[in-house]
Amino acid sequence: MSENLLDDALSRISRFAEQADVAQEVIDSLMQPRATKTASLPVRMDSGATEYFTGFRCHYNNQLGPTKGGIRFHPNVTLEEVQALALWMTIKCAVMDLPYGGGKGGIIVDPKKLSPMELERLSRAYVRAMADFIGPQTDIPAPDVYTNARIMGWMMDEYEAIHRVKAPGVITGKPVRLGGSLGRDDATGRGAYLCTLALARKQDLTPQDTSVAIQGFGNGGYHAARLLQKAGFKIVAISDSRGGIYSSEGFDVESVYQEKQRSKQVKAVYCNASVCEQVDHDAISNEELLELDVDILIPAALEGVIHRGNATKIRARHLVEIANGPVEADADEILEEKGCIVVPDVLANAGGVTVSYFEWVQNRQGYSWDAETVQERLSERMERAFEDIWEQSRQHNTGLRAAAYILALKRLGEAVEAHGTRNYFNS
Ligand code: NAD
């Protein structure tokens with residue numbers, strides 16, 4: 001994996017800047033985050049002892065609106081990772097034409113080692129530290145790896161207690177009863193599913209003849225797998241942090257999910273009501289999953305899993321990136337040379353931030369939309385963004401990642417130009 005994820009993310013900005021043909025000021029504005037806060041979070045553990053966790057929040061760029069991005073709980077969180085993720089959020093929000101800049105947050109912690117009450121105290125400690133750094137008009141967090149709706153609810157509650165206001169728009173991905181949006185729980189997976197359908201149409205893939213491997217069976221991976229299987233795609237491989245399963249016949253996604261809820265492991269089962277039976281399969285590692293000969297590979301776990309060291313071994317014809325940054329910058333070219341079409345993270349996983357935006361709009365309106373409206377509007381946005389990027393890729397004769405960055409840089413460029421650049425002031 002790359003030593004410094006932020007350098008990796010910045011190298012793509014530099015690479016695509018020329019093709020985007022935007023003013024140098026635009027590129028300069030993206031070369032460093034606007035502000036990053038690091039905080040030590042004291043948490044009373046169940047044992048009575050106080051432990052200190054490190055938390056980060058980054059406002060990368062707010063040219064297009066308040067910063068927006070998830071909060072990750074993971075032992076490998078670093079400052080640079082949070083900054084890179086915030087830069088990708090900047091690009092993603094611009095790609096989706098949302099009135100947001102990019103932000104991100106994280107805590108260095110293994111949440112599996114905390115009790116539910118310790119987790120609540122940690123979530124609240126994070127908001128106490130960041131209470132003046134986040135806000136409905138300035139920076140709006142959401143869930144990410146190992147954070148969920150319940151945690152968002154605790155965080156909103158803490159923010160409201162500190163500021164003595166009701167402010168549901170401070171955070172998205174909340175439980176529906178606490179101001180969350182219908183359709184937010186599966187929005188990331190649904191967005192990836194919609195991108196996969198659009199890709200299949202462009203590439204003349206018939207779902208029944210299309211094999212899909214999914215690395216990571218959490219919020220994003222599970223819902224994408226579920227919807228794709230419903231549409232007829234064959235889900236031949238699934239994995240989580242403990243390893244994976246493969247069957248050329250394909251798995252019943254709901255059965256595997258039901259079993260994972262029960263045993264916390266991905267197991268090859270078919271369930272009839274609550275009775276589950278094992279089905280034929282091969283146990284595979286996460287590395288093996290990535291190298292399977294499949295039509296579509298969906299990395300939906302963590303960043304940097306495809307890199308210079310293994311890119312030549314990737315046999316999938318298409319990649320749909322649910323994870324943020326699963327492919328390192330120096331593997332882009334290798335995949336391109338192999339003819340692998342990559343639907344990039346800044347588009348493929350943008351369903352989450354899009355419905356988060358809908359949630360924020362509903363919170364500001366004080367009016368909630370029904371699930372059908374949310375899904376319709378998500379489909380419209382995803383299909384439009386996919387078409388825009390496809391069109392850019394034709395115009396510039398580039399892959400979809402370059403096309404997405406070109407589109408985002410142009411939109412950010414319009415905001416910078418609106419204030420005036422060197423050309424304007426010197427003419
Ligand atoms: P999650 O916590 O719900 O699930 C993560 C999954 O990845 C789990 O199944 C876990 O077991 C698995 N995993 C962890 N380490 C792994 C490893 N080394 N190898 C294989 N699997 C591993 O997280 P999520 O919300 O589904 O997020 C997954 C990815 O999608 C992240 O990169 C995240 O940034 C991105 N993403 C999520 C959202 C969202 O709304 N949830 C939105 C945009 C992007």
Side-chain angles (χ1 to χ4, degrees), residues 33-37 39 55-73 82-83 85-107 123-124 126-145 147-163 165-176 178-181 183-185 187-188 191 219 324 346 349-369 374 377-378 381 415:
R34 289 283 166 95
T36 311
K37 182 166 178 173
F56 306 106
R57 185 76 197 162
C58 171
H59 301 168
Y60 200 93
N61 183 289
N62 63 0
Q63 273 157 337
L64 296 178
T67 48
K68 183 92 191 80
I71 299 172
R72 173 174 294 197
F73 286 2
V82 169
Q83 291 174 330
L85 287 160
L87 169 54
W88 289 328
M89 284 304 296
T90 307
I91 300 297
K92 193 187 304 180
C93 292
V95 161
M96 295 307 294
D97 216 0
L98 303 177
Y100 285 142
K104 202 79 186 189
I107 302 180
S123 306
R124 290 181 182 276
Y126 182 82
V127 173
R128 280 198 299 282
M130 302 295 174
D132 296 323
F133 205 59
I134 60 173
Q137 316 289 351
T138 51
D139 177 37
I140 306 134
D144 192 71
V145 175
T147 52
N148 56 26
R150 187 183 300 281
I151 292 175
M152 298 304 108
W154 290 332
M155 289 185 166
M156 176 190 74
D157 189 57
E158 191 66 24
Y159 181 89
E160 291 181 338
I162 291 167
H163 291 277
V165 283
K166 282 288 173 198
V170 67
I171 206 158
T172 57
K174 304 177 290 290
V176 172
L178 297 180
S181 176
R184 176 61 183 87
D185 55 344
T188 301
N219 176 285
N324 282 304
V346 290
N349 70 27
V353 70
T354 302
V355 176
S356 271
Y357 165 59
F358 295 162
E359 181 173 328
W360 182 72
V361 169
Q362 292 169 73
N363 292 154
R364 286 162 68 103
Q365 287 178 327
Y367 182 84
S368 38
W369 309 348
V374 171
R377 291 183 178 177
L378 174 64
R381 289 248 175 196

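Atom-to-atom distance recorded for Tyr126:OH and Ile71:CD1 is 4.5 Å, nearest 0.5 angstrom. In this structure, CD on Gln362 lies 12.0 Å from CZ on Arg184, to the nearest 0.5 angstrom. The distance from atom CG of Asp157 to atom NZ of Lys174, rounded to the nearest 0.5 Å, is 12.5 Å. The CD1 atom of Ile140 sits 7.0 Å away from the OG1 atom of Thr67 when rounded to the nearest 0.5 Å. Put simply, CE on Met156 and CD1 on Ile171 are 9.0 Å apart, with the number rounded to the nearest 0.5 Å. Taking CZ of Phe133 as the reference point, atom CZ of Phe56 lies at 12.5 Å (rounded to 0.5 Å).
Legend: salt bridge (Lys or Arg N to Asp or Glu O under 4.0 Å) pairs involving residues 85-102, not counting sequence neighbours: none detected. For residues 127-142, every residue pair satisfying the salt bridge (Lys or Arg N to Asp or Glu O under 4.0 Å) rule, not counting sequence neighbours, is listed here: Arg57-Asp139, Arg128-Glu158.
Ring pair Phe358/Trp369 is tilted by interplanar angle, where 30° to 60° counts as tilted.
The closest donor-acceptor contact from the side chain of Tyr357 to the backbone of Gly352 lies at 3.5 Å or more, if one exists at all. Between the Arg381 side chain and the Met96 main chain, a donor and an acceptor come within less than 3.5 Å of each other. The backbone N or O of Gly101 sits nowhere less than 3.5 Å from a side-chain atom of His59 that would complete a donor-acceptor pair. Distance alone, capped at 3.5 Å, places no donor-acceptor pair between the Asn219 side chain and the Thr188 backbone. A donor-acceptor distance shorter than 3.5 angstrom exists from the side chain of Trp360 to the backbone of Pro136, with no hydrogens or angles considered.
Judged purely by distance below 3.5 Å, without hydrogens or angles, the side chains of Arg72 and Thr147 never pair a donor atom with an acceptor atom.
When all heavy atoms are compared, the tightest approach of Ala167 to Tyr159 is CB-CE2, 3.9 Å. Shown here for Val170 and Gly135, the closest heavy-atom pair between the two residues is CG2-CA, 3.9 Å. Annotation for Gly173 and Ser356: closest pair N-OG, 4.5 Å, computed over non-hydrogen atoms. Across Met89 and Gly103, no two heavy atoms sit closer than the pair CG-O, 3.4 Å. Smallest separation of non-hydrogen atoms from Val374 and Gly183: CG1-CA, 4.3 Å. The minimum heavy-atom distance between Glu359 and Ser181, with the atom names listed, is OE1-N, 3.4 Å.
Residues satisfying the salt bridge (Lys or Arg N to Asp or Glu O under 4.0 Å) criterion with Lys68, sequence neighbours excluded, are absent altogether. By the ring pair (Phe, Tyr, Trp, His ring centres under 6.0 Å) test, Tyr60 pairs with no residue at all, sequence neighbours left out. With sequence neighbours excluded, the residues satisfying salt bridge (Lys or Arg N to Asp or Glu O under 4.0 Å) with Lys166 are Glu160. Taking the side-chain hydrogen bond (donor to acceptor under 3.5 Å, both in side chains) definition, one finds that Asn62 meets it with Arg34, sequence neighbours left out.
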| said: Is there a side chain to side chain contact (heavy atoms under 4.5 Å, CB included) between Asn324 and Asp144? Walk through the geometry before answering. | reply: CA-CA 10 Å; Asn324 282 304; Asp144 192 71; 4.1 Å; yes
Could you walk me through whether Ile151 and Trp154 pass the side chain to side chain contact (heavy atoms under 4.5 Å, CB included) check? CA-CA 5 Å; Ile151 292 175; Trp154 290 332; 3.8 Å; yes
